[in-house]
Amino acid sequence: MARPTLARILTGNLRHNARRVREEAPRSRIMACVKADAYGHGITTASEALNDIVDGFAVACISEALALRDAGIKKPVLMLEGPQSPDEVPEAAHKDLTLCVNEWHQLEWLEKAGLSAPLACWLKIDTGMHRLGFSPQRTAEALQRLERKAKNPELVLCTHFSSADLPKDNGVEAQVRAFDEVAATTAYAHSLANSAAILTIPESHRHWVRPGYMLYGGSPLADAAAATLNLKPAMEFVAEVISVRDVSVGERVGYRGRWEARRPSRIATVAAGYGDGYPRHAPDGTPVFINGKVAPLAGRVSMDMITVDVTEHPDIAVGAKAVLWGGEPTVDEVATAADTIGYEILAGMPKRVPRVVED
Ligand SMILES: *Cc1c(COP(=O)(O)O)cnc(C)c1O
């Protein structure tokens, strides 16, 4: 029998979340972010499930873009980081990919590519993230050069928010202002909003929104749970209890004995560890659901297993079903406990965990 450790990919919930994007930004087109193997859910699975709801797909690099074309996706595919070498320009043109042009050297590659037809392009403006994009002062110059190479009617001006997940002092207003000072003088389409901005900043929606995390049912907001935003988890990470034992007061559990029994305790060992994507830094007390009941992590996370204090739940036995994240607990709760973000946990889900696709 196979190891009972797997990630159920719930495509119905993925589709529900995409419709939530539509509901929040009804006048915008949706560029679904499926980079990093669709945040660990599987790029083919996710793009097929979303294809009839969204208007395009965004990825980081050309290998991800080609995976979408190989899966038969015909919609626009945007390479967010743009070409990473000159030879990616004709390759992208050949596959009808859309290039986000972020840097002067990328513009030069486009100019030197000798393309026979204009290319689908976005142009990124650096309004404050200071990671990629042209400075507002020099955007007009970059745009003028790009206009000679791009399919002009389809050109999109874009920027990215650094802190839209924070409820205040997030710098969004200043970023929108900096964007508009440059973009409003052109007739081109705009794209600003990530998941957090889709949910909280309607004036950033414009022509194209770029949801990622919310599609997968996580909360992109620091101060709101996914359920209160009507988002549903697209992944349920499950495993089983493979051992149960009693430990006496003063006995310790796991590597370096981090957890110590303060009362006669029962410890359940669950077959999922950091080698399966469970965060190694999760502290004692991180919630694990077994047989539908919450129980605290007890002891360090091992590569293939975790240990859980199930003293309160005498019915839990070998074979009991454990949910590491999904509806309860949410991946955001586990991430918060482990001092990280759900994005990192999902994107880090290793190949070893089979993805089982369900409706
Ligand atoms: C990943 C990414 C997004 C999506 O962000 P979420 O917070 O996951 O919604 C949007 N835009 C760009 C440029 C990105 O790299």
Side-chain angles (χ1 to χ4, degrees), residues 14 17-18 20-22 24-25 28-41 43 46-47 50 54-62 64-65 68 76-84 97-103 106 121-134 156-167 170-172 175-176 179 189-201 204-224 226 229 231 233-235 331-332 335 340-349:
L14 206 51
N17 297 331
R20 284 283 299 118
V21 175
R22 192 62 83 201
E24 292 289 329
S28 307
R29 279 180 279 176
I30 300 176
M31 184 60 81
C33 291
V34 294
K35 61 201 188 196
D37 205 24
Y39 294 47
H41 294 67
I43 191 168
S47 56
L50 295 171
V54 305
D55 303 287
F57 295 94
V59 295
C61 55
I62 199 159
E64 294 177 333
L68 287 173
V77 171
L78 172 66
M79 284 166 55
L80 290 165
E81 287 177 15
Q84 297 307 310
L97 306 175
T98 304
L99 293 179
C100 193
V101 178
N102 304 307
E103 307 294 318
Q106 293 177 326
C121 289
W122 288 30
L123 182 132
K124 178 166 275 178
I125 308 171
D126 178 8
T127 58
M129 177 84 165
H130 299 326
R131 184 176 68 176
L132 289 178
F134 296 95
V156 179
L157 302 179
C158 66
T159 195
H160 193 55
F161 296 125
S162 68
S163 314
D165 56 312
L166 299 177
N170 55 20
V172 164
Q175 285 197 264
V176 172
F179 181 83
H190 299 175
S191 177
L192 298 88
N194 56 4
S195 295
I198 289 165
L199 291 165
T200 58
I201 312 159
S204 72
H205 291 169
R206 311 287 173 96
H207 306 81
W208 283 94
V209 292
R210 306 187 307 268
Y213 195 53
M214 73 180 284
L215 290 174
Y216 308 102
S219 169
L221 304 177
D223 62 349
L229 302 166
L231 298 171
M235 179 191 293
V331 70
D332 293 309
T340 180
I341 55 175
Y343 291 69
E344 184 189 25
I345 291 183
L346 294 177
M349 283 298 281

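These numbers come from a predicted model, not from an experiment. This chain uses plain numbering: 1 for the first residue, then up along the sequence. All ligand and atom numbering here is 1-based and tracks the order in the structure.
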Starting from the N and O atoms of ligand 1, find every protein N or O within less than 3.5 Å and list the pair with its distance.
{"unit_1": "ligand 1", "atom_1": "7 (O)", "unit_2": "Y343", "atom_2": "OH", "d": "2.6"}
{"unit_1": "ligand 1", "atom_1": "8 (O)", "unit_2": "Y39", "atom_2": "OH", "d": "2.6"}
{"unit_1": "ligand 1", "atom_1": "8 (O)", "unit_2": "Y213", "atom_2": "N", "d": "2.8"}
{"unit_1": "ligand 1", "atom_1": "9 (O)", "unit_2": "S195", "atom_2": "N", "d": "2.8"}
{"unit_1": "ligand 1", "atom_1": "9 (O)", "unit_2": "S195", "atom_2": "OG", "d": "2.5"}
{"unit_1": "ligand 1", "atom_1": "9 (O)", "unit_2": "G212", "atom_2": "N", "d": "2.9"}
{"unit_1": "ligand 1", "atom_1": "11 (N)", "unit_2": "H160", "atom_2": "ND1", "d": "3.4"}
{"unit_1": "ligand 1", "atom_1": "11 (N)", "unit_2": "R210", "atom_2": "NE", "d": "2.9"}
{"unit_1": "ligand 1", "atom_1": "11 (N)", "unit_2": "R210", "atom_2": "NH2", "d": "3.4"}
{"unit_1": "ligand 1", "atom_1": "15 (O)", "unit_2": "K35", "atom_2": "NZ", "d": "2.6"}

Review point. Under the ring-ring contact (aromatic ring centres under 6.0 Å, His included) test, which residues partner F179, sequence neighbours left out?
Key: H190
Exercise for review: Quick one: list whatever passes side-chain hydrogen bond (donor to acceptor under 3.5 Å, both in side chains) with E24, sequence neighbours left out.
Suggested key: R20
Exercise for review: Looking only at non-hydrogen atoms, find the nearest pair between P83 and L99 and report the distance.
Suggested key: CD-CD2, 3.9 Å
**Study point:** N194 side-chain N/O to P211 backbone N/O, donor-acceptor pair under 3.5 Å
**Key:** no
Review point. Quick one: side-chain hydrogen bond (donor to acceptor under 3.5 Å, both in side chains) partners of Y213, sequence neighbours excluded?
Key: D332
Check your understanding: Which pair of heavy atoms, one from P220 and one from L229, lies closest together, and at what distance?
Key -> CD-CD1, 4.3 Å
